[in-house]
There are 2 protein chains.
Amino acid sequence: MAMRLFSTVGFDATTVEDIAAAAGISRRTFFRYFASKNDVVWGRFDEGLGQLRASLAAAPATQPLGDALREAIVSFNALAPDQVAVHRQRMSLILSVPSLQAHSTLMYAEWRRVVAEFVASRTGSDPGGLQPRLAGHLMLGAAVAAYEQWLADPAAELTELLATAVQRASAGVAS
Amino acid sequence: MAMRLFSTVGFDATTVEDIAAAAGISRRTFFRYFASKNDVVWGRFDEGLGQLRASLAAAPATQPLGDALREAIVSFNALAPDQVAVHRQRMSLILSVPSLQAHSTLMYAEWRRVVAEFVASRTGSDPGGLQPRLAGHLMLGAAVAAYEQWLADPAAELTELLATAVQRASAGVAS
DNA sequence: GACGCTAGTGGCACCCTGTGCCAATATTCG
DNA sequence: CGAATATTGGCACAGGGTGCCACTAGCGTC
């Protein structure tokens with residue numbers, strides 16, 4: 001609903017007042033449902049993080065670190081066909097609107113933490129150490145690069161781009 | 001000057017009004033020197049980017065891609081001993097204050113572009129392609145991970161952390 | 001020195017996001 | 001039904017950021 005406004009009027013040009021009016025609630029109430037205007041675009045991202053965490057935890061211990069990460073990240077970003085258009089819209093906003101681009105970093109921080117903790121648990125190291133932290137950053141970088149590429153090329157397959165990018169990036173993760 | 005306020009009072013608690021007053025100018029004039037309060041912390045970052053670009057361009061063509069990137073990034077972040085404390089302060093703010101953390105993404109975008117363009121020029125590919133873009137993200141991830149580690153451990157050597165992190169990350173950059 | 005041009009400055013009003021506070025209104029439970 | 005409790009909405013406010021305009025400082029020219 002709000003997304004419709006964002007895509008027609010533009011994110012910056014849409015005020016919280018507008019969104020609230022469209023939703024039939026007051027401005028004040030809007031801020032009880034969303035911590036910020038930015039958060040509207042992200043939906044239930046934190047729930048998705050739980051899935052990612054679970055998916056990583058479920059990886060067989062015999063599976064190489066890089067493979068486990070790749071599979072989890074790819075499936076984390078798998079989409080039902082009818083959601084592709086919406087998701088493309090969403091990601092397009094996140095990666096192109098400065099305000100959202102900036103805000104994304106705060107969302108990604110948690111995402112990186114999930115990856116770092118998994119890597120730490122696998123290597124028996126401190127999640128705050130260089131290797132797990134680096135792994136989080138590299139995996140994130142790969143994912144974002146894949147998304148940018150996906151948005152730039154409508155014909156491209158997100159899943160493939162992600163697999164390729166994560167694959168390459170994981171070369172730097174192996175101890 | 002403004003940094004002093006940030007480190008004593010805190011970034012969020014310091015208003016633009018405060019900064020302007022401390023600098024002996026008006027609020028309105030402040031915004032003619034800085035596009036935003038966030039930008040105060042970044043100083044002349046774009047000038048530094050020019051150096052990075054030049055440093056990369058100056059790398060001998062025979063030097064492997066990864067080595068060229070590592071050397072350029074390490075020297076880009078080299079500091080005179082008397083600037084270490086200030087820089088630590090600055091980076092600590094950038095990496096811990098949410099508002100600055102978010103804003104940093106916008107700064108990093110240019111940084112990544114520099115790396116991507118260099119990689120593209122080396123591999124004769126499109127700077128907007130997956131590989132150069134991925135290289136930008138991986139190098140950035142490595143650099144940020146190194147910085148986080150540096151801040152977490154006062155005894156650590158930034159140069160070494162950067163070299164290590166970039167070294168690992170560049171495994172994913174080689175064609 | 002007087003004049004006019006220009007760049008820098010500051011003040012003002014304004015919009016927007018985000019938050020604290022409190023009254024009003026639903027909703028649920030006894 | 002009545003009381004306890006969420007949910008809501010209105011209001012006022014702080015703070016970042018911007019457009020507009022008047023004022024002033026500086027500087028070259030005559």
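Naming convention: chains lettered A, B, ... in sequence-line order (proteins, then strands); numbering from 1 in each chain. These numbers come from a predicted model, not from an experiment. Any value given below was found using the heavy atoms of this structure, including those in side chains, with hydrogens, waters and symmetry copies removed.
- When the side-chain nitrogen and oxygen atoms of B/Y33 are compared with OP1 and OP2 of C/dT9, one or more of them lie within a distance under 4.0 Å.
- A heavy-atom distance below 4.5 Å is not found between the side chains of B/I19 and B/F34.
- Applying the 4.0 Å criterion to OP1 and OP2 of D/dG9, one finds that A/S26 has a side-chain N or O inside that range.
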* Using the side chain to side chain contact (heavy atoms under 4.5 Å, CB included) rule, take A/Y33 and A/D39 through it: C-alpha gap first, then chi angles, then the decisive distance, then the call. => CA-CA 10 Å; A/Y33 283 87; A/D39 285 315; over 6 Å; no
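- One can place NE2 of B/H103 at 14 Å from P of D/dG16, the figure rounded to the nearest angstrom.
- In this structure, B/D46 pairs ionically with B/R44, as a charged nitrogen and a carboxylate oxygen lie closer than 4.0 Å.
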When you compare the protein's N or O atoms with those of nucleotides 17-19 of chain C, which come within less than 3.5 Å of each other, and at what distance?
residue	atom	partner	partner atom	Å
C/dT17	OP1	A/V16	N	3.3
C/dT17	OP1	A/K37	NZ	3.2
C/dT17	OP2	A/V16	N	3.3
C/dG18	OP2	A/K37	N	2.8
C/dG18	N7	A/R27	NH2	2.8
C/dG18	O6	A/R27	NH2	2.9

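- Side-chain rings of A/H87 and A/Y147 approach one another, their centers coming within less than 6.0 Å.
- Between the two ends of the helix from C/dG1-D/dC30 to C/dG30-D/dC1, each summarised by a five-pair axis, the helix axis turns through 0° (rounded to 10 degrees).
- Between A/M139 and A/W111 the shortest side-chain heavy-atom distance falls below 4.5 Å.
- Checked by atom type and distance alone, the side chain of A/Q149 pairs as donor or acceptor with a backbone atom of B/G128 at under 3.5 Å.
- In this structure B/R122 satisfies the salt bridge (charged side-chain N to carboxylate O under 4.0 Å, His left out) test with no other residue, sequence neighbours excluded.
- The main-chain N or O of A/V119 is found under 3.5 Å from a side-chain atom of A/T123 such that the two form a donor-acceptor pair.
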